[in-house]
Amino acid sequence: MAKLSTDELLSAFEELTLIELSEFVKAFEEKFDVTAAAPVAVAAAGAPAGGGEAEAAEEQTEFDVILESAGDKKIQVIKEVRALTSLGLKEAKDLVDGAPKPVVEAVDKDAADKAKEALEGAGATVTLK
């Protein structure tokens, strides 16, 4: 069997999902009778000093775009809400009038950033959660 370099192994691990990687770690621990818990415990102990929220934000994969307020350009914000969602005019207006409300939910970081940028460009106040 050909020996893989560290870079090749890392490249292969990049392709795995978190669940697949977790299963691999368990199988590795069983095969070689070792445990990977010690480095994790050290990282967890250092987390409060670095801020637990920052670590949680890195692991977050789904974001909600929350419209806090429409600002001065309410009509432009309604147009952006309609462009980002499949809502009709009345539903989009009701959403903007009822702020704070979620505009889009459970989207990836890029989509959330684009939606936030579009809404803020129209004059709205937006947060990501």
Side-chain angles (χ1 to χ4, degrees):
M1 181 174 182
K3 186 176 180 181
L4 298 176
S5 71
T6 302
D7 290 336
E8 291 170 329
L9 284 170
L10 288 174
S11 177
F13 287 131
E14 285 178 339
E15 305 285 323
L16 297 177
T17 65
L18 288 177
I19 293 173
E20 292 169 334
L21 189 57
S22 174
E23 290 171 354
F24 169 78
V25 170
K26 287 177 187 173
F28 187 89
E29 289 173 343
E30 289 175 11
K31 170 83 175 173
F32 296 104
D33 195 28
V34 294
T35 180
V40 173
V42 172
E53 292 180 22
E55 188 174 316
E58 289 176 2
E59 295 175 4
Q60 186 173 358
T61 57
E62 293 184 344
F63 296 85
D64 296 339
V65 179
I66 311 295
L67 175 69
E68 296 296 331
S69 70
D72 296 337
K73 302 176 182 176
K74 186 172 162 182
I75 294 173
Q76 294 294 5
V77 174
I78 291 171
K79 287 181 182 180
E80 286 300 328
V81 168
R82 290 192 67 206
L84 293 168
T85 64
S86 60
L87 297 176
L89 180 60
K90 181 178 181 345
E91 292 84 4
K93 181 182 179 303
D94 290 344
L95 187 146
V96 171
D97 287 340
K101 294 258 182 161
V103 177
V104 288
E105 297 177 306
V107 295
D108 65 9
K109 178 72 172 159
D110 291 335
D113 286 338
K114 287 178 185 176
K116 180 180 180 184
E117 188 176 304
L119 287 166
E120 285 178 342
T125 304
V126 180
T127 59
L128 294 180
K129 294 188 180 184

Can you tell me how far CD1 of Ile75 sits from NZ of Lys93, rounded to the nearest 0.5 angstrom? 10.0 Å

Glu62 versus Ala106, closest heavy-atom pair with distance: OE1-CB, 3.6 Å

In short, Ala122 meets Lys73 closest at the heavy-atom pair O-CB, 3.3 Å

Please find the pair of heavy atoms, one from Gly123 and one from Val77, that lie closest to each other, and give the distance. C-CG2, 4.3 Å

Working to the nearest 0.5 angstrom, can you tell me the gap between Glu14 CD and Leu9 CG? 11.5 Å

Only counting residues at least two apart or in another chain, list the ones meeting side chain to side chain contact (heavy atoms under 4.5 Å, CB included) with Leu87. Val81, Thr85, Glu91, Ala92, Leu95

Within 6.0 angstrom of Glu117 CD, more than 12 heavy atoms from elsewhere: no

What's the shortest heavy-atom distance between Glu80 and Ala118, and which atoms? OE1-CB, 3.4 Å

For the CG atom of Leu10 and the CG atom of Leu4, what is their distance to the nearest 0.5 Å? 11.0 Å

Sorted by chain and residue number, the side chain to side chain contact (heavy atoms under 4.5 Å, CB included) partners of Leu128 (sequence neighbours excluded) come out as Val65, Lys109, Ala112, Asp113, Lys116

Are there over 12 heavy-atom neighbours, none belonging to Asp72, within less than 6.0 Å of that residue's CG? no

Shortest non-hydrogen contact from Leu84 to Val104? O-CG1, 3.9 Å

Passing candidate, side-chain contact (heavy atoms from CB on, under 4.5 Å) with Ile78, options Asp94, Leu89, Asp97: Leu89

CD (Glu23) and CD (Glu20) are apart, to the nearest 0.5 Å, by 7.0 Å

Flag yes if Phe63 and Val103 sit in one hydrophobic cluster, no otherwise; membership is Ile, Leu, Val, Met, Phe, Trp, Tyr, and two members link when side-chain heavy atoms are under 4.5 Å apart. no

Answer yes when Lys114 and Asp110 have at least one side-chain N-carboxylate O distance shorter than 4.0 Å, and no when they do not. no

Out of curiosity, Leu67 CG to Lys101 NZ, how far, rounded to the nearest 0.5 Å? 10.5 Å

